[in-house]
Structures are given as structure tokens and as C-alpha cells.
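In what follows, every heavy atom counts, from backbone to side chain, and hydrogens, waters and symmetry copies are set aside. This chain uses plain numbering: 1 for the first residue, then up along the sequence. Please read these numbers as outputs of a predicted model, since none were measured by experiment.
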Amino acid sequence: MPRRSPQTATANTLRKLKIALVGAILIPALSFAIIAWDERIRLLSSAENDGLTMAAVLREHALKVLDTDELLVRELDQRTRGMNWNEIRASASALSAQIVGLHATMPQVSAMGLTDGDGRQWVSTLAGGDGKSYSVANREFWSAQREADRGTFISRPYLGMHTGHTDFGISRRRATPDGTFDGTVHIAVAVSYFTDFWKEAISHKDRATVALVRTDGEMLARLPNISGSLPRLVPETSTLMRRILSEPKGGVFKGISPTDHVERISAFASVGNYPLVVFYGVSVASVLEPWWRHLMLGGVVGIVMTVSLIFAILAAMLQVRRLGDEQARRAEIEDAAKDGQRLELLGQIAAGVAHDFANIIQAVSGAATMIERAAADPERVRPLARRVRETADRGAALTQRMLALVRKAHHQDGSNASETTDPAEALSSVGNLLSHTFGRKHRLRIDVDLKRLPPLVRGSRVELEAAMMNLAINSRDAMPDGGEIVIRAKPESVGAFVEAESVENYQSKPAPGLYVRFSVMDNGVGMTPEILARASEAFFTTKPRGQGTGLGLAGARGFAERSGGCLSIKSSPDAGTTVTIWLSVASPHEHAV
């Protein structure tokens with residue numbers, strides 16, 4: 001099973017910690033929101049159930065009071081049934097005394113009385129049967145019965161003339177034997193009797209509201225009281241009236257009151273067979289007040305815990321990054337050590353090959369010398385022998401370059417520093433050799449301004465020619481479909497070197513001074529940044545196996561640096577490559593090779 005790299009392990013761990021970080025934020029937030037919403041729903045549902053219970057209690061109280069009041073009205077009606085108004089007026093004192101006795105046992109009753117068909121009240125608990133009368137024709141309990149027999153009728157509230165209290169009337173219609181309207185029997189019920197009971201019943205409820213409402217919208221009593229007359233509710237603006245029409249027995253709802261514009265959870269219940277409902281409401285704000293307190297407290301605790309968890313995860317991520325960086329550094333050190341071991345092994349192999357190759361080159365060189373000396377036809381044989389010896393010299397230079405790479409000679413001595421070369425002659429020789437090497441698809445152009453070119457540069461001519469040839473061959477291989485290869489040489493003065501101002505990849509920085517730039521340019525496939533970073537490493541090659549040793553650019557770099565110069569590469573994919581060898585200009589008194 002392949003081993004995961006430290007970077008991969010660190011990335012996986014960081015990915016998991018990031019997921020944990022998101023979870024540390026989302027999970028508590030979602031949990032808090034769900035719990036808070038569930039608690040809110042529970043509180044509202046509990047308030048609805050409490051409202052229904054309270055409405056039932058208030059209904060039972062109202063029903064008991066109204067049933068008692070209706071019995072009083074029926075009792076008074078029964079006592080005067082069959083009597084005409086002359087008889088009633090004659091017995092007014094006795095009748096008044098009777099109803100005063102009844103009234104004394106009924107604290108909810110403000111007054112009782114008998115009223116004739118003209119609206120004159122002759123018998124009353126307040127008048128005392130003094131033979132005087134006063135008109136109640138403006139009272140709804142009388143006028144409604146005059147219009148039609150309404151059975152037991154409950155009127156809208158009014159202010160009592162004698163008591164000064166707010167009452168509502170309960171009346172029954174009197175009629176002559178032929179059915180003609182003949183007045184009313186009525187009692188006045190004190191609104192305060194209901195409101196006093198309600199105060200006690202809802203004393204433990206904050207901002208609660210109770211009301212007694214007729215099914216036609218007339219409000220008979222309300223707690224807390226409001227200034228002025230009580231409003232009449234209409235279905236167009238009142239949710240309560242719409243619910244009464246759709247649920248006459250009772251129900252519960254949430255809505256905004258048109259009276260004081262407060263949102264309430266409201267419960268209502270019908271009062272027996274009377275055209276009345278008792279209403280109980282509690283403001284949503286008061287119901288949710290403890291919920292808000294718990295929400296704030298829980299939110300603070302949750303935020304503190306979440307922030308603590310976030311900081312812990314962030315600290316863990318920082319530690320993982322540090323550990324990942326440390327592991328990456330260790331892995332780089334291990335890889336470098338392994339690469340060093342591989343290069344050492346390859347160096348040992350190359351050293352053996354170089355030594356064997358050196359022996360062969362010596363034999364070839366010796367044979368060429370013998371041919372040149374013993375030739376019977378010197379004019380014909382000597383040029384051939386000389387070419388063999390020159391080839392052997394280049395092979396010897398290649399061998400020395402391999403040995404230098406293996407032994408890191410360019411870091412240990414400056415063997416090339418004392419040698420100088422005529423750049424014009426070197427380029428001419430390279431041009432002659434390459435003109436016989438390239439095929440028809442590739443063109444070679446040498447661009448040199450001989451007038452401006454310095455006469456000498458530091459470095460071995462053999463190595464310069466070998467380096468230029470290797471670079472030219474690399475350019476040829478980079479253009480499989482053919483193209484032009486340009487070899488250019490021009491002088492250049494280098495001041496303070498700033499790497500950020502150059503687009504070239506310098507393998508080392510040229511020191512300030514005078515140089516000749518030997519450039520080999522092509523418009524081939526170019527190099528990616530990854531290949532460019534390793535292009536001058538020894539034994540690194542992108543060519544197929546058996547077609548490259550990886551020593552061309554490495555050897556050219558080694559030659560340039562041993563000669564006191566440097567090597568730079570400018571390349572990008574599909575834009576060609578330019579390799580430049582910088583060789584410092586030599587003074588005329590230095591020895592040319």
C-alpha cells in the first residue's frame with residue numbers, strides 16, 4: 001500500500017478540522033434554534049390551553065350570575081302577571097317592598113323595576129313605591145322589547161340614573177291578553193360585579209384581558225376598563241367576531257385586538273343559551289417574556305461555549321499546520337538525502353565510465369598521431385588524422401566534464417580560470433561542425449558583430465565549443481518539425497544584479513563586470529516551470545531513455561561557473577527556449593588557448 005505524503009496527511013487532517021469548525025458553528029446554532037423554536041411553540045400552546053381553561057371558569061361564573069338574574073326577572077313577572085297598570089300603581093308600595101327584599105340578597109343586582117308601555121317606571125327598588133314614576137324609554141332593555149318579544153333580553157351597558165354605576169339590563173316583555181306590548185319587567189346588573197370577580201381570577205396573570213360580549217358585537221364589560229364607552233365589535237375588523245360566527249360554542253386564536261392593537265392569545269366561550277360570550281386574552285409579549293429571558297441566557301452560554309470550541313479547533317489547525325510544515329521539512333531532508341545517495345551511486349558509475357572512456361580516447365589520440373607521422377601521403381592523410389585527434393580532444397574534454405560533475409570540481413578548484421578563448425574562432429568552429437550535423441529541416445544562423453566582440457573571454461575553448469554544440473543539439477531536438485536555431489554572441493556590461501528585474505532563470509548570479517553573452521535560441525516546445533527548475537541538474541533529462549544523459553545543460557553550467565561566469569535559461573511552453581552562457585571578458589595579456 002503506497003505511503004501517504006506528509007502534505008496529503010496534513011491536508012486531510014485540516015480538511016476534517018475545517019469540517020469540525022463548520023460543525024462547531026452550525027450544529028450548536030441549529031440545535032439552539034430548534035430548541036428555542038420548540039420552547040416557543042410549547043409556551044404558546046400552553047398559553048392557549050390556559051386560556052381555554054380560564055375562559056371556561058369565567059363562563060361558569062357568568063352563567064351562574066345570569067341564571068340567577070333571569071330567575072329574579074321571571075319571579076317578578078310571575079308576581080305581577082294578570083295585573084293591569086291601575087292595579088300595579090295601586091300596589092306599588094307593596095310590590096316595591098317585595099322586590100327590595102329580593103334585591104337585598106342579590107349583590108350583583110343594582111335595581112329592579114316594572115315599566116309600562118309608555119316607558120314609565122312605577123315600581124322600583126330605588127323609588128321605594130312613592131307613587132312617582134320616571135321614564136326609561138331611552139333604555140335598550142325597554143325599546144327592544146317594544147319592537148318584538150325577545151324573551152329574556154340583555155341590553156347594552158348604560159349609566160344608572162340613581163346609582164351612578166354602569167349597568168346592563170335584563171328584561172322580559174309584558175303583554176296584554178291580545179298580545180299588545182304592555183311594558184317590561186327588568187333588572188339592572190352591575191358591571192362592577194363581573195369586573196371585581198375578574199380581578200381576583202386573573203390577579204396572577206400579567207397583562208391579561210377579560211370581556212363579556214354580546215354575539216352581535218356589543219361589549220358589556222371589559223377588564224381592564226378603557227376610557228369612554230365600550231366599542232362595538234364588527235366582523236370586518238374583529239377576529240373575535242369572525243370566530244364567534246364560525247365557532248359559536250367557543251375556541252382559541254391569536255390575533256391583534258382592534259381595541260388596543262395588542263397581539264393576544266385569546267380564548268372565548270359561549271355563556272349557556274344566552275347570546276353572550278366571555279372572552280379571555282393574554283398578550284403574546286407577556287407569554288414570551290420568560291422565553292426571551294431564557295433565550296438570551298442560553299444564547300450567551302451557547303456563544304461562550306461555541307467560541308471556546310472554535311478557538312480550540314483553530315488552535316488544533318494551527319498545530320496541525322506546524323506539524324505538517326515540520327513533517328514536510330523532514331520529508332524534504334529525507335528526499336534530499338536519498339537524491340544524494342542516488343547521485344553518489346550514479347557518480348560512481350559515471351566515474352568508471354569516464355575512466356574507461358579516457359583510456360579509449362588516449363588510444364585513439366595516440367593512433368592518430370602515429371598516422372600523421374607515418375603517412376606516405378601527408379597532404380591527404382594529415383587532415384584526416386588531425387580531425388581524428390580533434391575529435392579525440394573533444395571526447396577528452398567531455399570525459400573531464402563528467403569527472404568534474406562527479407567530483408564537484410567546479411566547487412573545489414578554478415582550473416578554467418586561467419584559460420582564455422577567442423570567441424569568434426570558437427563560434428566559427430562550432431558553425432563548421434554543426435553545418436554537417438543538422439539535416440534539411442533545421443537551419444543554423446550565427447549572429448555575431450565581430451567589430452564589437454571582445455578578442456578574449458575566460459574559459460576553455462574545447463569546453464565552450466562542446467557546450468555550444470550540446471545546446472544547439474538540444475534546440476534541434478526541441479523542434480522535431482524543423483525550424484531555425486540562432487547562435488548569438490554580444491558583449492554586455494553587468495551592474496548591480498537584481499533578480500526580480502529579470503525574466504530569466506539564472507542558475508547563479510553574474511557578478512558586476514564585462515561579459516560576452518553566448519546565446520542559443522529556438523522556437524521549439526519550451527519548458528514548463530517544473531522542468532525549468534531542474535533543467536541544469538546532473539542526469540536530469542526529459543528525453544526518451546537511451547537518447548539523453550542529462551549532462552548537456554549541467555556540463556554547460558559547470559563550465560560557465562568554473563570560468564567565472566554563469567548560465568541562464570529563458571523558456572515557457574510552446575514559446576521556445578534561450579540558453580545563455582555568460583563568460584567574462586579577459587584582458588589581452590592573458591594566455592589564449
Side-chain angles (χ1 to χ4, degrees), residues 350-351 353-355 357-358 360-362 364-365 368 386-407 409-410 414-438 444 446 448 456-478 485 487-489 507 516-522 535-541 543 547-569 577 579-584 592-593:
V353 173
H355 282 298
F357 190 41
I360 296 172
I361 292 300
Q362 288 178 0
V364 172
S365 180
R386 190 178 300 111
R387 184 170 294 180
V388 171
R389 189 176 69 248
E390 290 176 356
T391 304
D393 289 342
R394 292 189 181 91
L398 176 60
T399 302
Q400 291 299 322
R401 194 160 65 252
M402 289 180 66
L403 288 172
L405 287 170
V406 172
R407 298 170 184 164
H410 56 287
S415 57
N416 288 351
S418 62
E419 299 184 39
T420 59
T421 299
D422 184 337
E425 291 183 358
L427 290 177
S428 177
S429 177
V430 169
N432 291 332
L433 290 172
L434 291 177
S435 62
H436 299 288
T437 303
F438 293 165
L444 176 66
I446 296 180
V448 179
L456 294 176
V457 293
R458 291 187 178 91
S460 167
R461 174 176 173 177
V462 172
E463 288 194 84
L464 175 59
E465 292 177 1
M468 299 299 288
M469 289 184 66
N470 279 330
L471 296 179
I473 291 172
N474 285 346
S475 294
R476 180 199 64 185
D477 295 341
I485 301 166
I487 298 178
R488 180 174 295 160
Q507 304 302 307
V516 173
R517 292 182 54 162
F518 297 89
S519 301
V520 179
M521 297 173 284
D522 64 67
S536 64
E537 291 182 10
F539 306 109
F540 175 79
T541 181
K543 294 179 181 180
Q547 296 185 22
T549 62
L551 293 174
L553 281 172
R557 174 185 175 182
F559 158 67
E561 292 177 355
R562 287 196 306 276
S563 303
C566 70
L567 179 135
S568 66
I569 307 172
T577 301
V579 181
T580 302
I581 295 176
W582 299 64
L583 295 181
S584 59
V593 179

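Side-chain contact between I581 and L471: present, with at least one pair of heavy atoms (C-beta onward) separated by less than 4.5 Å. Between V462 and F559, the closest side-chain pair of non-hydrogen atoms is not below 4.5 Å. Using a 4.5 Å heavy-atom cutoff, the side chains of E419 and E463 are not in contact.
Residues S563 and R458 share a closest heavy-atom pair of CB-O, 3.6 Å. Closest approach of S475 to V520, counting heavy atoms only: OG-CG1, 3.5 Å. Smallest separation of non-hydrogen atoms from T421 and S460: OG1-C, 3.4 Å. For A560 against C566, the heavy-atom pair with the smallest separation is CB-O, 3.5 Å.
Atom CG of residue L427 and atom CD of residue E465 lie 9.0 Å apart, to the nearest 0.5 angstrom. Note that CD1 of I487 and CE of M521 are 9.5 Å apart. Values are rounded to the nearest 0.5 Å. Expressed to the nearest 0.5 Å, how far OG of S428 lies from CG of D422 amounts to 9.5 Å.
Listed for the T580 side chain is no donor-acceptor partner under 3.5 Å among the backbone atoms of S568.
Take T577 and apply the side chain to side chain contact (heavy atoms under 4.5 Å, CB included) test, not counting sequence neighbours, and it matches D522, M527, I569, S571, V579.
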